[in-house]
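First the structure, in the form of structure tokens, and then the observations on it.
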Amino acid sequence: MDVAEALACREGLKLARDMKWSKLQSGHLRFECRSIPTSPDRRFLLPDAENSPAKAKPPSSRAGHGLSSLILKFPPNFVRQPSIKARRNRSNIGRGSGGGGRGRQTKARERLGGGIVTDAITTPVVNTSAYFFKKTADLIDFKEKRRASFEYGRYGNYTTIVAEEKISTVMLMALVPAGGHLVTTTDCYRKTRIFIETILPKMGITATVIDPADIGGLETALEKNNVALFFTESPTNPFLRCVDIELVSKLCHDKGALVCIDGTFATPLNQKALALGADIILHSATKYIGGHNDVLAGSISGPEKLISSVRTLHHILGGALNPNAAYLIIRGMKTLHLRIQQQNSTAQRMAEILEAHPKIRHVYYPGLASHPEHDLAKRQMNGFGGVVSFEVDGDLLTTAKFIDALRIPYIAPSFGGCESIVDQPAIMSYWDLSQSERAKYGIMDNLVRFSFGVEDFEDLKTDVLQALEAI
Ligand SMILES: Cc1ncc(COP(=O)(O)O)c(C=O)c1O
């Protein structure tokens, strides 16, 4: 199609013939392509096929049905090439052959979109900041929604889309109107509190802060204010308090307010907040989802309408996830279920041991009967996660001595990864506040947050017990 034809189609064809954008239920965008062998748009799916007919052809046994289903799993310029010869001759992201000398060849391939051919079992990492159009007509087709493209790195990336990544705090701005009101809970990641208390007021957004179990407080806030959003972690950081997601969702929905749950501590496996009635669930993918303490990322999921308003703001603000980070998320998620099983189990057993230990004053873990929301946690969670918080029988220095005596965990912020991590919140996250200011948030000098990794349970137990012996 040339430019004139493309323009003529402006009011005409409603859908791209062989491809269409589709949105996953979670609101994340992905490509969907139909069968290519008979498709007039085949050149789009195989960008350099016309110049290098030998490459990227589906094996005959897979013609028609087979290839289309393979392509469904990949964006349009990725074509799986499962022949043994291709496997032998190509690296995991191969390129088709082009004509000309070496330099010209490389350039030509780039101009033609790379024509990436892969039989890799992993998702290719696509490092690009923009996507090109072969000719103006293609660009117009894209503008008229007859052709799919991310256009610019800010709007999407083939690797990133597989990882379905998004960032978190943008959401609060996108979902609460300027001058609006939100309700949140006392115990939470400190930076979230700082954002709500210091950044949102600049946009006229105010907040009511309630205890995670204070349903009466939520009802009052909903009565008194035009609440746009109830935002809470569940379980919370660092005291692992739990919010009755089903109940708060009902109360909020009756008053037209949305519910967003930060489920980072729970993981998507231990708690299904959307199924319990929440509108939006967010996770710091830096933690369990990535799982290897090697990537910073976040995700947000919910109905398409809500996610797209967040996405629009995200496009304006930027902060797109780079594809290498997306790749690490994809890889990390392959073992999520195994890691979580191990971490749930170790944390539960260690919480019980710690609770019975004479040098421990208190243990905060939803899997313990002593936890204020234990019954609720049992109802709405499948497991209680890998983080246990507890108070050592001693002061700031005794607690630091215990931490320094540990041999396995790293002293670091963050949690949820394969490696165990320990921190003393009074020092790690609240050191800039005085002891009395820290106490307002319940952060005592002897508080320890222990994220159990995937190390052997007996090794961790021995380590914790020997460190307690040392104080
Ligand atoms: C509950 C919770 N949500 C969100 C975050 C922010 O995570 P990230 O640093 O990946 O943005 C944290 C960080 O510790 C957290 O504890």
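The structure presented is a predicted model; accordingly, all values stated were derived computationally and were not measured. If you read the sequence from its start, that first residue is 1, and numbering goes on from there. Ligands are counted one by one from 1 in listed order, and the atoms in each one are counted from 1 as well.
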Exercise. So, for Tyr158 and Tyr131, is the gap between ring centers shorter than 6.0 Å?
Worked result: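 Here the rings of Tyr131 and Tyr158 have centres that are less than 6.0 Å from each other.
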
Problem set entry | ligand 1 contact on Lys191 by region, counting heavy-atom pairs under 4.0 Å |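 Neither part.
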
Exercise. Between Cys188 and ligand 1, which residue portion shows a heavy-atom distance shorter than 4.0 Å: side chain, backbone, both, or neither?
Worked result: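 Near ligand 1, Cys188 shows nothing, with every heavy atom at 4.0 Å or more.
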
For this session: Decide yes or no on side chain to side chain contact (heavy atoms under 4.5 Å, CB included) for Met444 and Thr399, but give the supporting numbers first.
Result: CA-CA 11 Å; Met444 298 305 177; Thr399 307; over 6 Å; no

Exercise. Got a sec, which pairs hit side chain to side chain donor-acceptor pair (under 3.5 Å) with one end in residues 400-410, sequence neighbours left out?
Worked result: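 The answer is none; no pair qualifies.
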
Problem set entry | Arg190 to Tyr430, cation-pi by 6.0 Å centre distance and 45° axis angle |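 The answer is yes; both the distance and angle limits are met.
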
For this session: Please determine if Arg379 and Asp375 form a salt bridge, counting it only when a charged side-chain N lies under 4.0 Å from a carboxylate O.
Result: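 Salt bridge between Arg379 and Asp375, a charged N being under 4.0 Å from a carboxylate O: no.
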
Is there a polar contact, in the sense of an N or O pair closer than 3.5 Å, between [X] and ligand 1?
X      : result
Thr286 : yes
Lys287 : yes
Ser284 : yes

Under 4.0 Å from any heavy atom of [X], which atoms of ligand 1 are there?
X      : value
Ala297 : 10 (O)
Phe415 : 14 (O), 16 (O)
Asn237 : 16 (O)

Exercise. Taking atom 2 (C) of ligand 1 as the point of reference, which of Asp262, Thr232, Thr236 owns the nearest heavy atom?
Worked result: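 Checking each option, the heavy atom nearest atom 2 (C) of ligand 1 is found in Asp262.
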
Exercise. With a 3.5 Å cut-off and no angle check, do the side chains of Ser284 and Thr264 form a donor-acceptor pair?
Worked result: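 There is no such pair between these side chains.
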
For this session: Could you tell me the separation between the CD1 atom of Ile408 and the OG1 atom of Thr462, rounded to the nearest 0.5 Å?
Result: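 OG1 of Thr462 is found 7.5 Å from CD1 of Ile408.
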
